[in-house]
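Numbering starts at 1 and runs along the sequence shown.
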Amino acid sequence: MWARTICVGLLAFTVGLIHHLQPDIPEAALEYLSSSLQSLSSRQTTAGPSLEEALATAWDQLITAPSRHWGKVAVGVNACVDVVVSGVSLLQALGLKPQSGGDHVVLSSQEELAATFLHYMQRGAAAERFYSDAESFQHISRTAAQNPGAKHFVGGNAALMAQRLASHPDIQVLLCGPVGPKLHELLDDRILVPPASLQEQDEYHLILEYKAGEQWGSGHAPAASRFIFSHDLSNGAMTSLEVLLSSLEDFQPQLLVLSGLHMMEGLSQEKRASRLNEAAVALSDVPTDILIHLELASMTDGDLMRGIIYQVFPLISSLGLNEQELLFLTQSANGPHSSLSAWSGVPDVGIVSDILFWILQGTGSEGSRLTRVHFHTLAYHIIATIDGFWGNQVAAVAAGARVAGAQACASPTIDPSRVMLKSPLEFSTSQMETSSTARITAKEPVAVWSKGGVTFHFTPVLVCKDPTRTVGLGDAISAEGLLFSESKAQ
């Protein structure tokens with residue numbers, strides 16, 4: 001584009017110079033040069049749309065409503081108020097310096113917070129941890145609240161997904177979780193909250209955000225993301241699960257969206273195992289005509305992840321997760337590519353597809369109801385489904401990708417000038433066996449392939465160049481995907 005602009009400028013200058021130096025030059029010659037200039041200018045101004053713009057336009061054409069919407073959706077169980085602040089700014093206000101201690105499964109001091117924050121900031125990866133010292137957490141919370149840039153938002157996977165689902169005018173949404181006065185004020189007025197979920201005090205989570213390229217000491221963030229931590233006992237014990245399940249008979253939803261299992265990492269191992277078993281038993285009593293979607297979040301405890309895989313996965317119909325959760329899942333259960341210690345850059349599509357296929361094969365569990373997985377990473381999304389159970393998944397995966405780019409830029413629609421592609425446009429569909437090569441084009445932004453009764457739907461993400469807010473993107477993506485999905489099992 002720049003080369004053409006320069007050529008146009010030089011030609012215009014030449015025409016003017018010739019006319020000035022040789023005023024008697026034949027008129028035909030001048031007309032020829034002028035027409036050449038107009039031709040070049042016309043080509044420049046009528047150049048085709050960018051790939052980003054073409055993809056966004058193609059998505060809009062593909063994203064069609066399902067023939068049947070969910071009439072009612074019940075959502076639970078983690079809900080809180082997010083206090084969003086610059087991570088580096090808060091840690092500096094606490095008088096902390098960059099620590100090289102690496103990752104900590106549970107945070108017990110400010111120094112461990114600094115080390116774990118730096119560990120994930122250097123990777124540009126999202127993570128969530130439990131902060132065990134209540135008094136220290138209160139001090140950090142007060143410091144965060146005094147930060148001039150601190151903002152309060154709806155928080156917790158369940159509450160965030162409820163917010164997105166409630167944006168659809170024809171869907172009734174019930175939210176069960178610990179809802180205090182501030183959160184109740186922030187929630188969409190259309191969301192129903194049963195009296196048993198209301199409490200006198202809010203649960204607060206601290207969201208430490210950082211931008212791409214931001215530095216702290218020698219640490220450098222390759223991508224914008226966030227680090228989340230809390231001392232949240234209500235969500236950790238999943239105290240609202242029974243309220244959620246007891247509400248199903250009166251509310252009569254077609255879909256139950258469940259999240260918050262990762263919060264149990266704050267419990268002792270014995271209490272965690274007992275509570276997970278209670279949750280699995282309660283979920284097994286949910287009528288089979290109510291589909292269950294489970295949204296995972298950042299976890300570090302392999303025992304808890306294995307418990308979820310073998311006790312909860314067989315009871316759910318749909319699953320949502322990102323690249324960190326997918327890798328930890330296969331590592332915990334010794335699944336495909338479990339020897340991979342970490343992703344290197346954009347997760348390999350073939351590796352991701354292998355793990356998704358293994359999950360839908362039941363991960364070794366007999367009688368599993370799991371028929372759909374929505375995977376989302378910064379650069380691309382995949383929805384994998386067992387054939388015959390779900391419809392409209394091309395629209396669903398495109399809708400999830402569209403909302404990712406728009407919401408990250410705090411824009412109602414995709415602005416092509418503010419986004420960029422990081423996804424591969426050609427890739428192998430498996431790294432475990434002979435596979436096909438899939439391609440993305442401006443006219444066909446969703447690649448579809450099948451393997452062993454499972455169909456995969458892939459689309460790139462238009463990544464926001466300067467994201468305004470990264471918290472809750474995964475929840476918005478999964479909720480949007482569900483809004484455009486149609487169950488064939490009901």
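- The neighbour count for K72 NZ, taken as heavy atoms of other residues, nucleotides or ligands under 6.0 Å away, is above 12.
- Residues E325 and L329 have side chains not in contact (no heavy-atom distance under 4.5 Å, counting atoms from C-beta outward).
- The main-chain N or O of Y204 is never found under 3.5 Å from a side-chain atom of D202 such that the two would form a donor-acceptor pair.
- Contacts of T441 classified as side chain to side chain contact (heavy atoms under 4.5 Å, CB included), with partners at least two apart in sequence or in another chain: K443, E444.
- Between the side chain of H457 and the backbone N or O of I383 there is at least one donor-acceptor pair closer than 3.5 Å.
- To the nearest 0.5 Å, atoms CG (L360) and OG1 (T385) are separated by 8.0 Å.
- Residue pairs meeting the salt bridge (charged side-chain N to carboxylate O under 4.0 Å, His left out) criterion with at least one member in residues 296-317, sequence neighbours excluded: R272-D301, D303-R306.
- Here the straight-line distance linking atom NE2 of H184 with atom CD of Q199 works out to 12.0 Å at 0.5 Å rounding.
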Checking V73 against L174 for the side-chain contact (heavy atoms from CB on, under 4.5 Å) test, could you report, in this order, the C-alpha distance in whole Å, the side-chain angles of both residues, the deciding distance, and whether it holds? CA-CA 6 Å; V73 182; L174 175 77; over 6 Å; no
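- Closest approach of G155 to L183, counting heavy atoms only: N-CD1, 4.5 Å.
- For K271, the NZ atom is loosely surrounded, since the number of other residues' heavy atoms within 6.0 Å does not exceed 12.
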Might you work through the side chain to side chain donor-acceptor pair (under 3.5 Å) test for T330 and S338, ending with a clear yes or no? CA-CA 5 Å; T330 195; S338 57; 5.3 Å; no
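- Between T116 atom OG1 and L208 atom CG the span is 11.5 Å, to the nearest 0.5 Å.
- F357 has its side chain out of reach of I355: every pair of non-hydrogen atoms, C-beta onward, lies at least 4.5 Å apart.
- Using a 4.5 Å cut-off on side-chain heavy atoms (C-beta onward), L483 and L165 make contact.
- Residues M161 and S478 have side chains in contact (heavy-atom distance under 4.5 Å, counting atoms from C-beta outward).
- Within the structure, ring-ring contact (aromatic ring centres under 6.0 Å, His included) pairs that include any residue of residues 228-270 comprise F130-H231, Y131-F229, F137-F229 (at least two apart or interchain).
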Go through K182 and E185 one step at a time and tell me if the salt bridge (charged side-chain N to carboxylate O under 4.0 Å, His left out) criterion holds. CA-CA 5 Å; K182 183 64 175 178; E185 173 190 324; 3.6 Å; yes
What donor-acceptor contacts under 3.5 angstrom involve side-chain atoms of residues 342-354, with partners at least two apart or in another chain?
| from | atom 1 | to | atom 2 | distance (Å) |
| --- | --- | --- | --- | --- |
| W343 | NE1 | E323 | O | 2.9 |
| D348 | OD1 | G350 | N | 2.8 |
| D348 | OD1 | I351 | N | 3.0 |
| D348 | OD1 | Q431 | NE2 | 3.3 |
| D348 | OD2 | Q431 | NE2 | 3.4 |
| S353 | OG | V349 | O | 2.8 |
| D354 | OD1 | S430 | OG | 2.7 |
| D354 | OD2 | H337 | NE2 | 2.8 |
| D354 | OD2 | Q431 | N | 3.0 |
| D354 | OD2 | M432 | N | 3.3 |

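- Residues that satisfy the disulfide bond (SG atoms under 2.5 Å apart) test with C176, not counting sequence neighbours, are absent from this structure.
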Let me see the working for I386 and R372 under side-chain contact (heavy atoms from CB on, under 4.5 Å), right down to the final yes or no. CA-CA 7 Å; I386 293 181; R372 178 183 182 273; over 6 Å; no
Run the side-chain contact (heavy atoms from CB on, under 4.5 Å) test on L340 and L327 for me, step by step, so that the C-alpha distance in whole Å, both residues' side-chain angles and the decisive distance to 0.1 Å come before the verdict. CA-CA 8 Å; L340 184 66; L327 185 57; 4.0 Å; yes
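- Taking the six-membered ring for Trp and the full ring otherwise, F427 and F458 have centroids separated by under 6.0 Å.
- Counting heavy atoms from C-beta on, the side chains of L192 and L175 never come closer than 4.5 Å.
- Checking side-chain atoms of N392 against main-chain N and O of S67 turns up no donor-acceptor pair under 3.5 Å.
- Residues satisfying the side chain to side chain contact (heavy atoms under 4.5 Å, CB included) criterion with T468, sequence neighbours excluded, are A410, R418.
- Under the 3.5 Å distance criterion, the side-chain polar atoms of W70 are matched with a main-chain donor or acceptor of L482.
- A donor-acceptor contact shorter than 3.5 Å is absent between the side chain of D82 and the backbone of V84.
- When side chains are defined from C-beta on, L378 does not count as touching V461, because their heavy atoms never get closer than 4.5 Å.
- Stacking of K451 on the aromatic ring of F456 is not recorded, the 6.0 Å distance cut-off and the 45° axial limit not both being met.
- Between S318 and W390, the shortest heavy-atom distance links the atoms CB-CZ2, 4.2 Å.
- A donor-acceptor contact shorter than 3.5 Å links the side chain of Q393 to the backbone of G391.
- The shortest non-hydrogen separation linking G71 to Q254 is N-OE1, 2.8 Å.
- With salt bridges taken as basic N to acidic carboxylate O contacts below 4.0 Å, none links E209 and R226.
- In this structure, OG in S485 is found 10.0 Å from CD in E480, a value given to the nearest 0.5 Å.
- Judged purely by atom type and a 3.5 angstrom limit, Q361 has no side-chain atom pairing as donor or acceptor with the backbone of W358.
- In terms of heavy-atom proximity, A150 sits nearest to V83 at CB-CG1, 4.4 Å.
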Stepwise ring pair (Phe, Tyr, Trp, His ring centres under 6.0 Å) test for F227 and Y210: CA-CA 9 Å; F227 180 80; Y210 51 85; 9.0 Å; no
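- To the nearest 0.5 Å, atoms OG1 (T377) and CD1 (I382) are separated by 9.5 Å.
- Atom CD of Q252 is surrounded by more than 12 heavy atoms from other residues, nucleotides or ligands within 6.0 Å.
- Here OG of S259 is found 9.5 Å from CG of L296. Values are rounded to the nearest 0.5 Å.
- In this structure, T413 and S411 have side chains that are in contact, with non-hydrogen atoms separated by less than 4.5 Å.
- Of all non-hydrogen atoms in L256 and L244, the two that sit nearest each other are CD1-CD2, 3.6 Å.
- H205 and E203 share no side-chain donor-acceptor pair at under 3.5 Å.
- Side-chain N or O atoms of R164 include none that pairs as donor or acceptor with a backbone N or O of L160 at under 3.5 Å.
- Using a distance-only test at 3.5 Å, with no hydrogens or angles considered, no donor-acceptor pair links the side chain of S197 to the main chain of V193.
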Run L241 and L258 through side-chain contact (heavy atoms from CB on, under 4.5 Å) and show every step you take. CA-CA 9 Å; L241 178 62; L258 177 66; 4.1 Å; yes
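- Under the 6.0 Å distance and 45° angle rule, R402 does not count as a cation-pi partner of W59.
- Across every non-hydrogen atom of A438 and W449, the tightest pair is CB-CE3, 4.3 Å.
- Counting heavy atoms from C-beta outward, L315 and S284 have side chains that approach closer than 4.5 Å.
- Judged by distance alone, the side chain of S298 and the main-chain N or O of E128 form a donor-acceptor pair under 3.5 Å.
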